[in-house]
Amino acid sequence: MKLKSRVQQQGFLLALRFLAVVLWSFPGARALDNGLAITPTMGWLHWERFMCNLDCQEEPDSCISEKLFMQMAELMESDGWKDVGYEYLCIDDCWMAPERDSNGRLQADPKRFPSGIRGLADYVHSKGLKLGIYADVGNKTCAGFPGSFGHYDIDAKTFADWGVDLLKFDGCYCDSVEHLEKGYKRMSLALNRTGRSIVYSCEWPLYMWPFRKPNYTEIRQYCNHWRNFEDVYDSWQSVKSILAWTSSNQKRIVDVAGPGGWNDPDMLVIGNFGLSWDQQVTQMALWAIMAAPLLMSNDLRHISPQAKALLQDKDVIAINQDPLGKQGYRLRKEDNIEVWERPLSDLAWAVAMVNLQEIGGPRFHTISIASLGQGLACIPDCMITQLLPEKKKLGFYQWTSDLKTKINPTGTVLLRLAAT
């Protein structure tokens, strides 16, 4: 009788796992129909690290110029970045000349980009990479260069003619919410009409929130990823604020994300100056849980081996790029410990435990296995592997087990739970 009861129980639990697979496989809101960003975009973006440095005479190695992007392209090819998935080399603001040309087309600053964007794109493509560029929905970019308002079609055609593969479209200097919404839609349609595959990165909801709640179902139909919150800075306070905003709004934003359209919490600042090692681990782990675009903003010419290894960690990247395409969420917060989880393909789960306490030493945290993965992560058991801060197999755990972990202040332990 005991054997029969146990078999019946296992059969019931396996049926629950099967039901979970069916439910998680349902598609979310309809995505932008351009066949791009099936997994979150990976690459490098200049803004946080290099900002709008125009002084190439005094600072030739850090000004916004084709030299900077060519050097980064060389390193992305030679130092393993391309091999692990970092594919897009992206220009942010401050690449333009102050005025459009005589035909009304945007043009690159001729001194800082003597080869033009077409020449730079050819170079980037020769390295097996793709080129991203920046423009703005309003009358001016955030740094005051020409905006795309009234020029959406010609700008989309210009970018396509140059061989651009991604457009980051900002939202500064737009005079009304109506123009903002229409502008983002018009540029999306204009890009698709060019016939070139161009990933469309929007900041539409970021600029909508002060006025009204964004319609994420609609945004997803026009954009491949979208910024929701303020720019990331090279600081723990900034990373914490992004995580806090995301968790407090997760009921609104998590379910809309999926293949073709992703929430974008902004750049990875790993390898810079403001984050401790544990805080860098936290950013990498949580960006993987959130299915976020992985766009680094750092100096690949001067990056520590430790930061490079973290950014190139294939196991963590695999979580970020998991083909199921479901964004993770915060499961609970208790006594300054947050637990986040994300469903993965093949019935696996990723779990991150974050220690937000900024005083004292490492803390131990015990969690019930049955509480993870909506109760389905370890039915009847699973193999648990710790991926961060260092990889090690923790062994087999049963559904009824508890898991005890040690987490450094402001650090994270990232786990992968694989069904057996």
Side-chain angles (χ1 to χ4, degrees), residues 34-50 61-96 106 108 112-135 156 158-169 191 194-201 224-225 260 262 264 266-272 284 287 292-303 307-314 316-318 320-321:
N34 63 1
L36 301 174
I38 301 305
T39 59
T41 304
M42 294 178 62
W44 184 93
L45 178 64
H46 93 244
W47 184 257
E48 195 288 324
R49 180 59 185 265
F50 295 97
D61 292 330
S62 57
C63 70
I64 308 309
S65 67
E66 69 177 37
K67 175 186 173 182
L68 176 68
F69 294 99
M70 287 179 173
Q71 288 178 344
M72 295 302 164
E74 290 171 5
L75 290 167
M76 287 176 72
E77 180 194 33
S78 65
D79 283 8
W81 301 102
K82 181 181 74 171
D83 296 338
V84 297
Y86 293 98
E87 182 180 20
Y88 287 85
L89 177 67
C90 302
I91 309 169
D92 209 289
D93 205 348
C94 304
W95 62 270
M96 300 177 193
L106 293 171
R112 293 182 287 114
F113 292 85
S115 303
I117 301 302
R118 174 80 252 188
L120 178 57
D122 289 344
Y123 183 82
V124 169
H125 294 155
S126 76
K127 300 296 182 182
L129 301 167
K130 296 180 178 179
L131 183 70
I133 207 164
Y134 169 100
T158 298
F159 298 145
D161 290 345
W162 285 345
V164 165
D165 305 292
L166 178 150
L167 173 63
K168 176 181 175 179
F169 210 39
L191 290 172
T194 68
R196 183 170 180 82
S197 296
I198 301 177
V199 173
Y200 188 37
S201 175
N224 291 120
H225 32 93
W262 309 97
D264 181 3
D266 209 9
M267 297 161 276
L268 293 167
V269 293
I270 295 165
N272 289 327
M284 190 69 183
W287 264 235
L294 299 182
L295 294 171
M296 307 176 288
S297 191
N298 48 24
D299 191 341
L300 300 179
R301 300 164 300 187
H302 307 288
I303 189 167
K308 179 180 177 183
L310 177 60
L311 287 162
Q312 293 189 1
D313 189 310
K314 293 180 181 179
V316 181
I317 290 172
N320 175 265
Q321 298 285 297

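Nearest heavy-atom pair across D264 and S201 is OD2-OG, 4.4 Å. Closest heavy-atom contact between A135 and F159: CB-CZ, 3.9 Å. Pairing each heavy atom of T158 with each of L106, the nearest pair is CG2-O, 4.3 Å. Shown here for A307 and G271, the closest heavy-atom pair between the two residues is CB-CA, 3.7 Å. Nearest heavy atoms, W262 versus G260: NE1-N, 3.9 Å. When every heavy atom of P40 is checked against every heavy atom of A292, the shortest pair comes out as CB-O, 3.4 Å.
Applying the side chain to side chain contact (heavy atoms under 4.5 Å, CB included) criterion to D122, with sequence neighbours excluded, gives R118. The side chain to side chain contact (heavy atoms under 4.5 Å, CB included) search around A160 returns T194, R196, I198, not counting sequence neighbours.
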Can you check side-chain contact (heavy atoms from CB on, under 4.5 Å) on L120 and I91, steps first, answer last? CA-CA 11 Å; L120 178 57; I91 309 169; 3.8 Å; yes

Test L311 against I303 for side-chain contact (heavy atoms from CB on, under 4.5 Å), laying out the working first. CA-CA 11 Å; L311 287 162; I303 189 167; 3.8 Å; yes

Is there a side-chain contact (heavy atoms from CB on, under 4.5 Å) between L36 and Y200 once you walk through the steps? CA-CA 9 Å; L36 301 174; Y200 188 37; over 6 Å; no

Pair F69-I117, side-chain contact (heavy atoms from CB on, under 4.5 Å): steps then yes or no: CA-CA 11 Å; F69 294 99; I117 301 302; over 6 Å; no

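A donor-acceptor pair under 3.5 Å is absent between the side-chain atoms of N320 and the main chain of T39, judged by distance alone.
Note that NE2 of H46 and CG of L89 are 11.0 Å apart. Values are rounded to the nearest 0.5 Å. Distance check: R49 CZ to L300 CG gives 9.5 Å after rounding to the nearest 0.5 Å. Note that the CG atom of D92 and the OH atom of Y134 stand 6.0 Å from one another [nearest 0.5 Å]. Atom-to-atom distance recorded for H225:NE2 and L295:CG is 6.5 Å, nearest 0.5 angstrom. Distance check: L75 CG to H302 NE2 gives 9.5 Å after rounding to the nearest 0.5 Å. In this structure, the separation between CH2 on W47 and CE on M267 is 8.5 Å, given to the nearest 0.5 Å.
For residues 62-79, the set of pairs meeting the salt bridge (charged side-chain N to carboxylate O under 4.0 Å, His left out) definition, not counting sequence neighbours, comprises D61-K67, E77-K127.
Between F50 and W44, the two ring planes are tilted [angle within 30° to 60°].
Residues D165 and H125 have side chains in contact (heavy-atom distance under 4.5 Å, counting atoms from C-beta outward). Here the side chains of V124 and M76 are not in contact, with every heavy-atom distance at 4.5 Å or above. The shortest distance between side-chain heavy atoms of W162 and I133 falls below 4.5 Å. Taking the side chain as every heavy atom from C-beta outward, L166 and C90 approach each other to under 4.5 Å. Side chains of Y88 and L45 form no contact here, defined as non-hydrogen atoms less than 4.5 Å apart. At least one side-chain heavy atom of R301 sits less than 4.5 Å from a side-chain heavy atom of M72. Here the side chains of W81 and M42 are not in contact, with every heavy-atom distance at 4.5 Å or above.
Of the candidates D266, I270, L294, L294 is the only one forming a side-chain contact (heavy atoms from CB on, under 4.5 Å) with W287.
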